[in-house]
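Please read the structure below before turning to the comments.
Basis for what follows: all heavy atoms, side chains included, without hydrogens, waters or symmetry-related copies. Reminder, nothing fancy here: chain letters follow the sequence lines and each chain counts from 1.
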Amino acid sequence: MAFYITTPIYYVNAEPHLGHAYTTVVADALARFHRALGEEVRFQTGTDEHGDKVQEAARKAGLPVREFVDRISASFRRCWDEMGIAYDRFIRTTEAAHIRVVQEVLARLHHTGDIYFGDYGGLYCFGCERFYLERELVDGRCPDHQTAPTYLREENYFFRMSRYQEWLVGYIEDHPDWIRPERYRNEVLGFLREPLEDLCISRPARRLSWGIPLPFDERFVAYVWFDALLNYVSGLDYPDGAAFASFWPVAQHLIAKDILKPHAVYWPTMLKAAGIEPFRHLNVHGYWQMATGKMSKSLGNVVEPLTLISLYGNDQVRYFFLREMVFGLDATFSEELLVQRLNADLANDLGNLFARSLGMAFRYRQGVVPAPAEAAARDREVAQTAREVAADFLRLFPELEFPKSLSRVWELVSHLNHYIVDTAPWELAKEPAAASRLDTVLYHLLEGLRWLAALLQPVMPASSRKMSGQLGLGEELFRPPLTRVLTWGGLPPGTRLGKGPPLFPRLEAVK
RNA sequence: GGCGGUGUAGCUCAGCUGGUUAGAGCAUGCGGCUCAUAUCCGCAGUGUCCGGGGUUCGAAUCCCUGCACCGCCA
């Protein structure tokens with residue numbers, strides 16, 4: 001089995017923000033999940049570096065474009081590195097290999113007649129780098145820039161996207177989970193009920209020089225989306241690379257809802273025209289709505305990912321992202337919600353469960369995993385719950401049901417907390433005759449913790465390792481496949497437990 | 001303007017193809033335990049299921065309509 005996940009390549013006209021971080025964390029968690037299962041995994045992210053807005057941002061920053069894009073791209077890369085994002089490939093659209101693929105595809109589509117030369121006249125907004133229809137304007141001005149567009153009549157190259165509309169509709173109808181969740185599939189189908197226009201895929205070089213030149217006409221550069229989307233295959237060394245052969249057939253894209261159209265319409269029709277099989281899934285997520293209002297520099301409520309993790313911890317933020325946002329829907333972000341969630345789930349439930357369990361193992365058994373005697377009914381319930389939770393988690397997580405899969409795991413956490421109360425080890429410890437009963441209880445408890453550490457590795461990789469360390473297990477707990485690790489009784493009696501500080505210290509409430 | 005979505009306890013939300021006293025988590029109040037990060041466990045709630053019609057023996061769940069918010073398209 002192979003697994004290929006991509007984030008969008010991020011546009012380098014601004015620094016990484018919360019939304020970028022969410023997408024990237026989700027991709028990373030999925031990649032880790034599939035690696036844990038022992039699958040061959042490829043995870044690609046990167047930066048989108050061409051186009052008008054980049055050129056403009058560089059001008060504002062007073063830097064040569066090349067230097068500017070190097071700087072912002074590095075900033076994204078550093079952000080992901082500091083967040084422990086384990087990507088396999090960081091692609092930049094300014095790489096020679098990528099440019100070569102874009103030009104190769106352009107040349108081919110030009111040759112087959114899917115790209116043609118034509119002209120188009122209309123009202124053009126330089127800020128948006130696009131034409132507007134009369135009716136889209138607000139008081140005759142661009143709705144985004146509040147500037148009056150200019151009438152331009154110009155010749156350009158067009159991609160014959162309309163030719164593939166019927167095919168695309170059929171493909172979406174035949175593959176119900178191709179675009180998911182369903183709401184976005186419906187949105188695309190709704191959009192495709194109207195006739196599809198051909199896509200203008202060139203920009204005159206005299207207006208925009210920062211782009212990939214069309215191989216058949218140097219007076220033009222490629223439209224940024226035509227350039228950018230191809231990263232998903234150029235990063236696999238399309239057309240001849242081994243990576244392309246093994247990973248493209250299982251490609252899954254991860255995007256935010258704002259770039260649905262390019263990914264659900266432009267990209268598949270481009271692939272079809274180029275004779276490349278469609279990707280396997282387009283996974284679309286929603287937005288983080290700031291409880292403080294729309295994020296803006298002037299409001300001073302911009303949340304920088306690195307600031308956030310330095311305040312609350314990387315795994316903590318990852319957990320919050322996955323636990324709090326139903327994939328596909330919008331969710332609310334505030335530090336207050338974050339603190340609430342971290343205290344309730346991580347400090348009180350999970351962290352405290354580890355602390356009390358390990359505490360008893362040290363106090364009553366000198367920090368050595370005892371050998372269990374015969375399991376009683378109550379003990380078998382623990383094992384049974386662990387199995388059921390793990391089975392659900394393994395099914396739900398790859399289907400992007402993150403809150404559901406995690407709340408299932410927390411049912412195991414809760415079950416173990418109940419188990420402690422039900423069995424009252426501190427009472428058993430007083431009774432010498434109950435020694436083997438205490439051994440059995442402690443063993444089941446610690447084995448339950450081992451399952452938690454293993455299950456949570458895609459979500460909280462560093463914390464999982466701390467948990468494993470406290471259980472005296474180290475890295476072997478994470479050796480794939482996870483399904484083999486999840487065998488009840490895998491914790492060897494006699495293992496020396498490790499002492500450690502609280503996994504998730506309680507946080508003070510913020511106002 | 002067209003299409004679609006959402007509206008359920010203070011908060012975040014489950015409730016699929018209609019059927020026992022409408023649920024979970026968080027927050028709140030009270031009680032218990034003491035292994036633990038003032039943590040854990042138990043108990044207690046409160047809801048005109050957006051409003052109004054209708055179908056039905058029976059609707060949060062289906063139909064119509066109104067309102068509010070949101071998204072996509074124009």
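- Judged by Watson-Crick or G-U wobble contacts below 3.5 Å, the nucleotide B:rA59 has no partner.
- Smallest separation of non-hydrogen atoms from A:A273 and A:F159: CB-CE1, 3.7 Å.
- One atom, NZ of A:K404, and another, P of B:rA24, lie 17 Å apart when rounded to the nearest Å.
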(request) Mark up nucleotides 4-12 of chain B, 5' to 3', with B wherever a protein heavy atom is under 4.0 angstrom from a base atom, S wherever such an atom reaches only the sugar-phosphate, and - elsewhere. (result) -S-------
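- Using bins of under 30°, 30° to 60° and over 60° for the plane-to-plane angle, the ring pair A:W288/A:F321 lands in the tilted bin.
- Nucleotides B:rU46 and B:rA27 place their C1' atoms 14 Å apart, quoted to the nearest Å.
- Summarising the base pairing, B:rG18 is matched to no nucleotide, lacking a Watson-Crick or G-U wobble pair whose two defining distances lie under 3.5 Å.
- One P atom belongs to B:rG52, the other to B:rC57, and the distance between them is 23 Å to the nearest Å.
- The gap from the C1' atom of B:rU17 to that of B:rG51 amounts to 27 Å, rounded to the nearest Å.
- Of the nucleotides present, none pairs with B:rG45 by Watson-Crick or G-U wobble criteria with both distances under 3.5 Å.
- Other residues, nucleotides and ligands contribute only 12 or fewer heavy atoms inside 6.0 Å of the CD atom of A:E277.
- For the C1' atoms, the distance linking B:rC43 with B:rG54 amounts to 43 Å, nearest Å.
- One P atom belongs to B:rG58, the other to B:rU21, and the distance between them is 15 Å to the nearest Å.
- Tested against A:L438 for a side-chain contact (heavy atoms from CB on, under 4.5 Å), the candidates A:E431, A:E427, A:R365, A:K430 yield a single pass: A:R365.
- When each of A:Q340 and A:V188 is assigned the nucleotide of RNA chain B bearing its nearest heavy atom, the one mapping closer to the 5' terminus is A:Q340.
- With a cut-off of 3.5 Å on both pairing distances, B:rA38 has no Watson-Crick or G-U wobble partner at all.
- In this entry B:rG4 has B:rC70 as its Watson-Crick or G-U wobble partner, both defining distances falling under 3.5 Å.
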(message) At under 4.0 Å between heavy atoms, how does the protein contact nucleotides 31-42 of chain B? Give one character per nucleotide, 5' to 3', with B, S or -.
(response) --SSBBB-SSSS
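- Going from the C1' atom of B:rG19 to that of B:rG42 covers 32 Å, rounded to whole Å.
- When both distances must be under 3.5 Å, the Watson-Crick or G-U wobble mate of B:rC26 is B:rG10.
- Using P as the reference atom, B:rC62 and B:rU6 are 10 Å apart when rounded to the nearest Å.
- Within 6.0 Å of the CD atom in A:E166, the count of heavy atoms belonging to other residues, nucleotides or ligands does not exceed 12.
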